[in-house]
Colleague: 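To start, I am sharing the structure in question, which I have written as structure tokens.
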Amino acid sequence: GPDTSSNGGRISQNATANDFWHQYFALMKHYDCNLVRIGAGDSWGSSIQYQAWLNHRESYVSMLKTMCEEAMEHGVWVCLVLAGSQEYPAYQFGGEGSVFDTSSSAYSNYIQYCKSMMSLLENENAVAMYDMFNEPDHNNCNANYWHGDKQAFSNWASAVAEDTSGSSTHPRTMGVAGLGTLFEWSRDDFGLSTGDVGFEIAHRHYYASAKDSSLFEEPEKWAENSDIPL
């Protein structure tokens, strides 16, 4: 815990959002952690966050601002994950079709939600960046949507970047797995998945002990070639 604990991240001794976030970021400060990537509400999906934005916007945004205030107080930056979908079928954001189809109402609603969230939190200096979607190249997404078509994924990610451009002064990223059944370990695949899709920060995930320095040095060089940080 507290993010992914079996009890849903609830810390019973903290009665309020202020208490919770104060204790959470105090722990981060204690362990010299200065950046937390947090979201997307429910098992890296989107329904809880979207429904909170849709039906309880004032209280939801108030909670997030409290989170940002406590992060600032403890010297911790926040990378706020706005969406994600590892389930099938993917969450539709109150629309129809697939969020991975730019012509669908599901995609349109997703973009509207993201732009609204970035606008509502524009003045929160604790926000280091927005992660627009958690692992849309996840193996489950590839099996059900991309079917090995790397260029189709890259086109979709580029569309998200273009359609949310100018919505915030905070930089954006997209947290791809970057290595799985869709993408392989290469400069070209790095570009298609994250380096050349239009976000201000490249991003990829690791799921193992990585003791070989080349596992970091190579992606760092690839990001440098794209002229963006990783």
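Throughout, numbering of the chain's residues begins at 1 and tracks the sequence. These numbers come from the heavy atoms of this one structure, side chains and all, not from hydrogens, waters or symmetry mates. Only a predicted model underlies this, so the values are computations on that prediction, with no experimental measurement involved.
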Colleague: Looking only at side-chain N and O atoms, does Arg172 offer a donor or acceptor that is under 3.5 Å from a partner on Thr164?
Modeller: yes

Colleague: Between Asn144 and Tyr88, is there a donor-acceptor pair closer than 3.5 Å when you use the side chain of the first and the backbone of the second?
Modeller: no

Colleague: What is the distance from atom SG of Cys114 to atom CE of Met132, rounded to the nearest 0.5 Å?
Modeller: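 Cys114 SG to Met132 CE: 4.0 Å, rounded to 0.5 Å.
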
Colleague: Please report the interatomic distance OG1(Thr181) to CG(Asn139), rounded to the nearest 0.5 Å.
Modeller: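 CG of Asn139 is found 3.5 Å from OG1 of Thr181.
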
Colleague: Do the non-hydrogen side-chain atoms of His22 and Asp19 ever get within less than 4.5 Å of each other?
Modeller: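 No; the side chains remain at least 4.5 Å from each other.
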
Colleague: More than 12 heavy atoms of other residues, nucleotides or ligands under 6.0 Å from CG of Asp227: is that the case?
Modeller: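 Not more than 12 within 6.0 Å, no.
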
Colleague: Any idea how Phe20 and Tyr24 line up, ring-wise: parallel (<30°), tilted (30 to 60°), or perpendicular (>60°)?
Modeller: parallel

Colleague: Counting N and O atoms only, with roles assigned by atom type, does the side chain of Asp137 sit under 3.5 Å from a partner on the main chain of Gly178, one being a donor and the other an acceptor?
Modeller: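 Side chain of Asp137 to backbone of Gly178, a donor-acceptor pair under 3.5 Å: yes, one is there.
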
Colleague: Considering residues at least two apart in sequence or located in another chain, which fulfil the ring pair (Phe, Tyr, Trp, His ring centres under 6.0 Å) criterion with Tyr31?
Modeller: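 With neighbours one apart ignored, the set is empty.
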
Colleague: So do Met174 and Val197 actually touch side chain to side chain, heavy atoms under 4.5 Å?
Modeller: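 When only atoms from C-beta onward are counted, Met174 and Val197 do not touch, as no gap falls below 4.5 Å.
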
Colleague: Backbone N or O of Met118 within a donor-acceptor pair of the Ser167 side chain at under 3.5 Å?
Modeller: no

Colleague: How long is the span from the CZ atom in Phe93 to the OH atom in Tyr107, to the nearest 0.5 Å?
Modeller: 11.5 Å

Colleague: Flag the pair Phe100 / Phe133 as yes when their ring centroid distance falls below 6.0 Å, and as no otherwise.
Modeller: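 For Phe100 and Phe133, the ring centres are under 6.0 Å apart.
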
Colleague: Take Gln92 and Val99 through the side chain to side chain contact (heavy atoms under 4.5 Å, CB included) test and state the conclusion after the steps.
Modeller: CA-CA 6 Å; Gln92 295 176 296; Val99 68; over 6 Å; no

Colleague: Please answer: with hydrophobic residues joined when any side-chain heavy atoms are less than 4.5 Å apart, are Val160 and Ile201 in the same cluster?
Modeller: no

Colleague: Is there a donor-acceptor pair under 3.5 Å between the side chain of His170 and the backbone N or O of Glu122?
Modeller: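 A pair under 3.5 Å: yes.
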
Colleague: Return the minimal non-hydrogen interatomic distance between Ser98 and Ala106, and the atom names on each side.
Modeller: C-CB, 3.9 Å

Colleague: Is it true that the side chains of Asn155 and Ser158 contain a donor and an acceptor less than 3.5 Å apart?
Modeller: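 No donor-acceptor contact under 3.5 Å links the two side chains.
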
Colleague: Using only atom types and a distance under 3.5 Å, with no angle test, would you say the side chain of Asn140 pairs donor to acceptor with the backbone of Gln86?
Modeller: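 Pair found, side chain donor or acceptor close to backbone of Gln86.
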
Colleague: Under 3.5 Å, is there a donor-acceptor pair between the side chain of Asp189 and the main chain of Glu184?
Modeller: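 Side chain of Asp189 to backbone of Glu184: a pair is present.
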
Colleague: Apply the test ring pair (Phe, Tyr, Trp, His ring centres under 6.0 Å) to residues Phe183 and Phe153: give CA-CA distance (whole Å), side-chain angles for both, the deciding distance (0.1 Å), then the verdict.
Modeller: CA-CA 10 Å; Phe183 292 109; Phe153 174 91; 5.4 Å; yes

Colleague: Dump the intermediate steps for side chain to side chain contact (heavy atoms under 4.5 Å, CB included) on Met72 and Asn125, then the final yes or no.
Modeller: CA-CA 8 Å; Met72 282 284 290; Asn125 293 329; 4.2 Å; yes

Colleague: Mind checking whether Phe199 and Trp77 sit in one hydrophobic cluster, side chains of I, L, V, M, F, W, Y counted as touching below 4.5 Å?
Modeller: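 Not linked; separate clusters.
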
Colleague: Assess the pair Tyr110 and Tyr91: is the distance between their ring centroids shorter than 6.0 Å?
Modeller: no

Colleague: Can Leu54 be reached from Met117 by stepping across I, L, V, M, F, W or Y side chains whose heavy atoms are under 4.5 Å apart?
Modeller: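 Same cluster: Met117 reaches Leu54 through Ile, Leu, Val, Met, Phe, Trp or Tyr contacts under 4.5 Å.
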
Colleague: Please go through Phe190's hydrophobic cluster and name the other residues, only I, L, V, M, F, W, Y counting, with side-chain heavy atoms under 4.5 Å joining them.
Modeller: Leu179, Trp185, Tyr206, Leu215, Phe216, Trp222, Leu230

Colleague: Under a plain distance cut-off of 3.5 Å, with no hydrogens placed, do Asp188 and Ser186 share a side-chain donor-acceptor pair?
Modeller: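 The criterion, which ignores hydrogens and geometry beyond distance, is not satisfied for Asp188 and Ser186.
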
Colleague: Between Thr194 (side chain only) and His203 (backbone N and O only), is there a donor and an acceptor less than 3.5 Å apart?
Modeller: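 It does hold such a pair.
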
Colleague: Nearest 0.5 Å please: distance from the CD1 atom of Ile38 over to the SG atom of Cys79.
Modeller: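 It is 10.5 Å, given to the nearest 0.5 Å.
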
Colleague: With clusters defined by side-chain heavy atoms of hydrophobic residues (ILVMFWY) lying less than 4.5 Å apart, directly or transitively, does Val36 cluster with Leu80?
Modeller: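 Hydrophobic grouping puts Leu80 with Val36.
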
Colleague: List the atom of Pro219, the atom of Ser214, and the distance in Å for their closest heavy-atom pair.
Modeller: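 Closest heavy-atom pair between Pro219 and Ser214: CD-O, 3.8 Å.
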
Colleague: For Gly94 versus Tyr50, what's the shortest heavy-atom pair and its separation?
Modeller: N-CE2, 4.1 Å

Colleague: More than 12 non-hydrogen atoms from neighbouring residues, nucleotides or ligands closer than 6.0 Å to CD on Glu162, yes or no?
Modeller: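 Not buried by this count: 12 neighbours or fewer within 6.0 Å.
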
Colleague: Using a 3.5 Å distance criterion without hydrogens, assess whether the side chain of Ser104 forms a donor-acceptor pair with backbone atoms of Gly97.
Modeller: no

Colleague: Would you give me the side-chain donor-acceptor pairs under 3.5 Å for residues 57-66, sequence neighbours excluded?
Modeller:
residue : atom : partner : partner atom : Å
Arg57   : NE   : Trp53   : O            : 2.8
Arg57   : NH2  : Trp53   : O            : 3.4
Ser59   : OG   : His56   : O            : 3.1
Thr66   : OG1  : Ser62   : O            : 3.0

Colleague: Quick one: list whatever passes salt bridge (Lys or Arg N to Asp or Glu O under 4.0 Å) with Lys115, sequence neighbours left out.
Modeller: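 Salt bridge (Lys or Arg N to Asp or Glu O under 4.0 Å) list for Lys115, sorted by chain: empty.
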
Colleague: What's the shortest heavy-atom distance between Gly175 and Pro136, and which atoms?
Modeller: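 In this case the closest contact between Gly175 and Pro136 is O-CD, 4.2 Å.
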
Colleague: Between Trp156 and Thr102, is the side chain to side chain contact (heavy atoms under 4.5 Å, CB included) condition met? List the steps.
Modeller: CA-CA 7 Å; Trp156 174 82; Thr102 58; 4.0 Å; yes

Colleague: Could you grab the distance from atom CG of Asn109 to atom OG of Ser105, nearest 0.5 Å is fine?
Modeller: 5.5 Å

Colleague: Any side-chain to backbone donor/acceptor pair from Glu135 onto Gly84? Under 3.5 Å, distance only.
Modeller: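 Judged by distance alone, no pair lies under 3.5 Å.
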
Colleague: Where do His205 and His138 land on the side chain to side chain contact (heavy atoms under 4.5 Å, CB included) test, with the steps shown first?
Modeller: CA-CA 11 Å; His205 296 167; His138 186 275; over 6 Å; no

Colleague: Over all heavy atoms of both residues, which pair between Ala126 and Cys68 is shortest? Give the atoms and the distance, please.
Modeller: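 Closest approach of Ala126 to Cys68: CB-O, 3.4 Å.
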
Colleague: What is the distance from atom CD of Glu70 to atom CG of Asn18, rounded to the nearest 0.5 Å?
Modeller: 6.0 Å

Colleague: Mark yes or no for whether Asn142, through its side chain, and Gly148, through its backbone, hold a donor-acceptor pair below 3.5 Å.
Modeller: yes

Colleague: For Asp196, enumerate each residue passing the salt bridge (Lys or Arg N to Asp or Glu O under 4.0 Å) test, keeping only those at least two apart in sequence or located in another chain.
Modeller: Arg187

Colleague: Quick one: are Glu73 and Lys29 in side-chain contact, heavy atoms under 4.5 Å?
Modeller: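 Heavy-atom side-chain distance check fails, nothing below 4.5 Å.
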
Colleague: Could you list the residues that satisfy salt bridge (Lys or Arg N to Asp or Glu O under 4.0 Å) with Glu96, not counting sequence neighbours?
Modeller: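 For Glu96 there are no salt bridge (Lys or Arg N to Asp or Glu O under 4.0 Å) partners, ignoring immediate neighbours.
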
Colleague: Can you get from Met129 to Tyr113 by hopping between Ile, Leu, Val, Met, Phe, Trp and Tyr side chains that sit under 4.5 Å apart?
Modeller: no

